[in-house]
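The block underneath contains the structure these notes are about, expressed in structure tokens.
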There are 4 protein chains.
Amino acid sequence: MSQEHMSLPKRRGRPPSQMARARVLKAAHDILTEDGFGRLTVEAVAAKSGVGKPTIYRQWANASELAMAALMSGDTGAFDEGGTNLRSALTAQMRSLIQAFATTRGRQIAMTLAAADPDSEFTKAFRNQVILSSREAGRALLLEAAARGEIMLPQDVDVLLDMIYGPVFYRLLVGHRPLDASFADNIVAIALEVVASS
Amino acid sequence: MSQEHMSLPKRRGRPPSQMARARVLKAAHDILTEDGFGRLTVEAVAAKSGVGKPTIYRQWANASELAMAALMSGDTGAFDEGGTNLRSALTAQMRSLIQAFATTRGRQIAMTLAAADPDSEFTKAFRNQVILSSREAGRALLLEAAARGEIMLPQDVDVLLDMIYGPVFYRLLVGHRPLDASFADNIVAIALEVVASS
Amino acid sequence: MSQEHMSLPKRRGRPPSQMARARVLKAAHDILTEDGFGRLTVEAVAAKSGVGKPTIYRQWANASELAMAALMSGDTGAFDEGGTNLRSALTAQMRSLIQAFATTRGRQIAMTLAAADPDSEFTKAFRNQVILSSREAGRALLLEAAARGEIMLPQDVDVLLDMIYGPVFYRLLVGHRPLDASFADNIVAIALEVVASS
Amino acid sequence: MSQEHMSLPKRRGRPPSQMARARVLKAAHDILTEDGFGRLTVEAVAAKSGVGKPTIYRQWANASELAMAALMSGDTGAFDEGGTNLRSALTAQMRSLIQAFATTRGRQIAMTLAAADPDSEFTKAFRNQVILSSREAGRALLLEAAARGEIMLPQDVDVLLDMIYGPVFYRLLVGHRPLDASFADNIVAIALEVVASS
DNA sequence: TGATAAGCGAGACGGTACGTCCGGTCTTGGG
DNA sequence: CCCAAGACCGGACGTACCGTCTCGCTTATCA
């Protein structure tokens, strides 16, 4: 009696082919990793996947949305949470994040986000799943530690979170300094100084 | 030994036209502010400026470089330094920076940077002049204050600088939170906690 | 031996809808007269008629056949036979024919015929009903007059008929001279000179 | 002082490539003879000729114009004028004409003409060069014979010409009777009856 | 009277071709 | 020797239709 009102649209007509969708995402992902964002054209994806261009355009409005879908499709969003206390957990997460973004893929994610229509629903989903999921995981770690009384959070946690995760994208996009493990460690060290309770 | 390093090649033929260069930059700037980065094509700039495409390609390798040149051309890189002590100076600078980037122009700068070849000399100049100049100004403020004994800097100042300036680009690119004056103030407040000397 | 050849298959299942057929032909006819042959696509007919594409393809193999069916559906093939003697009857028929073809519809008939598969059974029916019916009516008039002894027919009447009716399509297709009533009269005059008996 | 006003445009910029033009026409001609008018697409011509689509569209507005250009390019418009007197000359011309059109090419010419925009300048040139040149040659033959006093022309020679040349296109397009040499002979025979002077 | 079979609309599918935009290059005549 | 103009070839765009194929629904005949 609970989920009877769930979406049972029973739409007429031939349903969209899940196989076509999967082949498109696979092809887009391959092109992205092999040739880069600049080569991810709808034409190339259609040719590589064997799916017609109109079929692609039926689901995605342009190459940017397709790129976001491909980047999301093979992404769990999970991070190694490496320990019980805040410092080790946050450090593990930051190292994992930086390792994930310090590759070609990281730059492609940045380019994709920069090129995307910021108001599209697709873009919002991409932001939440790919960009902000780490930020939310970090927020959870901080809130738990604060609940345990280990730390004192500032009134505006969002700013602190941006100061932790923003620098990763800053270096990724600007490239003035390397993205490496010691960068992760240093950010965590400074952040923990801020929330040191005493 | 004085003017040997001067550039007096006395090359034969007609010299490059400074007027053509200026018209191209003007047209590129106008297109950028009116239509956005996506419409800044060499074709459109040539048509609007009345300059031939080859003339454009002689100076800039592609539309990205042209966009960077246009964005640099009308940019002094100067910031209002609003006071004598660190907090007011840093706050004034951050507010000024955020005000400058919290517009369409800011997003175009991010898109341009994301699309540019990261190894190009042009891109490096753009980074230094448009992106990193604020960061270097901030570094100067911090170093001066440390020299006065007002603050204690961490061993790696670069990380602290990235935690101050990275969040601006993070919000600019990701758009999850607004870029406003209170954001500037909050960042400065947290940063100053880190460097509090006692 | 009487109704064995009748089509009484009494097939099971839902019979084809005569209403769908009528709506398709109506829509095709409307598109043809409003937008021309180039706009007569199966897609457009389906959309305008509210009939599904597969239903259309069940009866007609392509847009050409559909166009021919639409052009045949509103066409009686009857001509005003305006008099008792050969000259007036032939003149009346030619004037009527030219009036019928000297419109947009005439050109569409020519385009349809040119685009159709010449070996299709559909095309043959279209030719006989729309193109050649006038020629056969003319043949009947000539044979009757010859039977009355008014004229002398050449050994190959087909060539004479082609010389009477061919020029109409010639001008229709090539457009070098107008299709008007005096053209009808002049053709009849020359044709009658040929068969003048004495 | 005479041809100074001739077209010496001295246009700036790179001139259109005659080689590209020739390759396009060659490819179009080959496709026309090998696959037929229905397969003559701009896409296919571009692929076969190695010329870019925009280059093709710069010269021809659509596939029909391209087909007409290809059909004109390999066409001298000359007919064997087989003799000194009217009957043999006209017979030779008609046989030659029918032989030229009683092939696949003939049907393609008809289809091309039917599909073409009747008001385009291109179409007019095609009509004059490919369709009506034979008619004008026939007019010349008749006028010469009339000048010699051999025949009596009707007041409207155009109608007579249409009755001679129209039947060829009639049979070509409608296909109800074969296009052969005896058809040519019969048409000439009947036409000469009309102009018999006595 | 109820099963079952065929036709129905809707609509996605893989495709082909369209006509256009822009990229980056090349070739002119003119300054 | 550079400039403007402008055509070149090529790659990709996003759209229109093609003709085919599932769908779930409707309508008829036959068991």
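The shown structure was predicted, so the numbers you read here are calculated from the model rather than taken from an experiment. Chain identifiers are assigned alphabetically (A, B, ...) following the order of the sequence lines, protein sequences preceding nucleic acid strands; residue numbering begins at 1 within each chain.
- Within 3.5 Å, a donor on the side chain of A:R14 pairs with an acceptor on the base of F:dC21, or the reverse.
- Where D:G50 and B:V51 meet DNA chain F, the nucleotide closest to each residue was compared, and B:V51 sits on the side nearer the 5' end.
- Atom pair C:Y57:OH and F:dT22:C1' shows a separation of 17 Å (rounding to whole Å applied).
- Heavy-atom nearest nucleotides on DNA chain E were determined for C:G52 and for D:V42, and the one closer to the 5' end corresponds to C:G52.
- The side chain of B:R58 contributes no N or O atom lying less than 4.0 Å from OP1 or OP2 of F:dC2.
- Atom NZ in B:K53 sits roughly 7 Å away from atom C1' in E:dC22 (whole-Å rounding).
- Separating the CE atom of A:M19 from the P atom of E:dA12 is a distance of 17 Å, rounded to the nearest angstrom.
- Taking atom CD1 of C:I56 as the reference point, atom C1' of E:dG7 lies 14 Å away to the nearest angstrom.
- Just one of C:R127, C:Q108, C:M68 meets the side-chain contact (heavy atoms from CB on, under 4.5 Å) condition when paired with C:L113; it is C:R127.
- Spacing between atom CD of D:E43 and atom P of F:dC13 amounts to 14 Å, rounded to whole angstrom units.
- Side chains of A:T55 and A:R58: a donor on one and an acceptor on the other come within 3.5 Å.
- C:L25 contributes atom CG, which lies 7.5 Å from atom CD of C:Q59 (distance to the nearest 0.5 angstrom).
- Among the heavy atoms of the strands lying under 4.0 Å from A:A20 are primed sugar atoms or P, OP1, OP2 only; no base atom is included.
- Residue D:R39 has its side chain nearest to E:dA17 when only F:dG6, E:dA17, F:dC23 are considered.
- Listed nucleotides E:dC13, E:dG23, E:dG9 differ in distance to C:R23; the shortest reach to its side chain belongs to E:dG9.
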task = Give the C-alpha distance, both sets of side-chain angles, the deciding distance and a yes or no for side-chain contact (heavy atoms from CB on, under 4.5 Å) between D:D35 and D:L40.
result = CA-CA 8 Å; D:D35 306 317; D:L40 184 75; over 6 Å; no

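- Toward the 5′ end of DNA chain F lies the nearest nucleotide of A:A63, the other residue of the pair A:A63 and C:A63 mapping further downstream.
- Closest to the side chain of B:N62, from the set F:dC17, E:dG24, E:dT20, is E:dG24.
- Atoms CG (C:L66) and C1' (F:dG19) sit 14 Å apart, rounded to a whole Å.
- Closest approach to the A:T55 side chain among E:dG23, F:dA7, E:dC13 is made by E:dC13 (side chain taken as heavy atoms from C-beta onward).
- Between D:S49 atom OG and D:R21 atom CZ the span is 13.0 Å, to the nearest 0.5 Å.
- Under 4.0 angstrom from either OP1 or OP2 of E:dA12 there lies no side-chain N or O belonging to A:S17.
- Counting to the nearest Å, the P atom of E:dC13 and the CD atom of A:Q18 are 9 Å from each other.
- Taking atom CH2 of D:W60 as the reference point, atom P of E:dG19 lies 15 Å away to the nearest angstrom.
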